[in-house]
Amino acid sequence: GPGGGAALENANPLIYRRSGERPVTAREEDDELPDSIDDREIFDILPGRESRAGPGRGRAGRGRWGGGAKQGRAVQLRSAFLNPAHLIRSINDPEHPLTLEELNVVEQVRVKVNDAESTVAVEFTPTIPHCSMATLIGLSIKVKLIRSLPERFKLDVHITPGTHASEHAVNKQLADKERVAAALENSHLLEVVNQCLSARS
């Protein structure tokens with residue numbers, strides 16, 4: 001488990017190579033052009049894009065969410081969450097000193113984004129079919145998305161079909177907004193989620 005000397009469920013997980021950085025296009029650099037959110041951006045927010053441009057500018061700025069003082073304020077608040085870290089690829093596994101990408105729990109091909117319809121769907125694959133951490137991993141992904149994306153997005157985080165013994169029960173928990181909100185009121189659980197979302201030192 002995440003605390004203490006309990007035996008690891010999956011003591012020797014396969015470790016995968018991290019993908020390269022997402023290339024930046026000239027269109028994305030231009031603050032005057034609208035900038036849609038895509039699957040790679042959910043998987044990997046580029047390091048340095050937000051901090052270099054300053055609050056409310058660049059990838060997290062008016063190019064994406066439009067201008068105006070009211071929207072600008074919302075963007076500034078949200079840019080605090082869109083820090084120069086990756087979005088979901090660098091979430092820490094609760095059991096191993098590895099990221100979800102390194103364990104192949106999350107892959108870019110399993111991220112589906114429809115910016116026009118404001119939907120984001122993420123499938124994640126637990127390392128073993130009886131992983132007791134599946135709900136915690138899904139919750140960490142969902143919290144990261146909630147904290148990082150504009151409120152207009154409808155989020156669907158679920159287990160890759162056929163990869164976990166309790167996938168339907170876990171998916172039902174993750175889809176229930178009230179249960180997710182109640183889970184995040186549990187200070188111990190929130191602390192564990194925040195550890196999964198914190199940058200490794």
Side chains of [X] and [Y]: does their closest heavy-atom pair fall under 4.5 Å?
{"X": "Val120", "Y": "Val157", "answer": "no"}
{"X": "Pro129", "Y": "Thr163", "answer": "no"}
{"X": "His188", "Y": "Val192", "answer": "yes"}
{"X": "Leu136", "Y": "Met133", "answer": "yes"}
{"X": "Asn92", "Y": "Ser198", "answer": "yes"}
{"X": "Leu149", "Y": "Leu155", "answer": "yes"}
{"X": "Val105", "Y": "Ile91", "answer": "no"}
{"X": "Val143", "Y": "Leu190", "answer": "no"}

About how many Å separate [atom2] of [Y] and [atom1] of [X], when rounded to the nearest 0.5 Å?
{"X": "Asp93", "Y": "Cys131", "atom1": "CG", "atom2": "SG", "result": "7.5 Å"}
{"X": "Lys144", "Y": "Ser90", "atom1": "NZ", "atom2": "OG", "result": "6.0 Å"}
{"X": "Leu98", "Y": "Leu103", "atom1": "CG", "atom2": "CG", "result": "5.0 Å"}
{"X": "Lys142", "Y": "His158", "atom1": "NZ", "atom2": "NE2", "result": "11.0 Å"}
{"X": "Cys196", "Y": "Ile137", "atom1": "SG", "atom2": "CD1", "result": "7.5 Å"}
{"X": "Gln108", "Y": "Ile88", "atom1": "CD", "atom2": "CD1", "result": "9.5 Å"}

Could you go through the side-chain contact (heavy atoms from CB on, under 4.5 Å) check for Ile146 and Phe153 one step at a time?
CA-CA 9 Å; Ile146 289 168; Phe153 277 93; over 6 Å; no
Derivation and outcome, side-chain contact (heavy atoms from CB on, under 4.5 Å), residues Arg89 and Leu100
CA-CA 6 Å; Arg89 69 188 279 195; Leu100 296 187; over 6 Å; no
Heavy atoms of Val109 and Lys112 approach each other most closely as O-NZ, 2.9 Å
Looking at Ser140 and Leu197, what are the two nearest heavy atoms and their distance?
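Residues Ser140 and Leu197, closest heavy atoms: O-CD2, 3.5 Å.
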Backbone N/O of Glu167 and side chain of Asn171: donor-acceptor pair under 3.5 Å
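Judged by distance alone, yes, a pair lies under 3.5 Å.
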Looking at Asp156 and Ala121, would you say the former's side chain and the latter's main chain have a donor-acceptor pair under 3.5 Å?
no
Full working for side-chain contact (heavy atoms from CB on, under 4.5 Å) between Val106 and Ile141
CA-CA 9 Å; Val106 294; Ile141 294 169; 3.8 Å; yes
side-chain contact (heavy atoms from CB on, under 4.5 Å), that's the test. Do Asp115 and Arg152 meet it? Break it down for me.
CA-CA 10 Å; Asp115 193 40; Arg152 66 183 172 89; 2.8 Å; yes
Would Glu102 and Thr99 count as a side chain to side chain donor-acceptor pair (under 3.5 Å) if you check the C-alpha gap in whole Å, the side-chain angles of each, and the deciding distance to 0.1 Å?
CA-CA 5 Å; Glu102 289 168 324; Thr99 66; 3.3 Å; yes
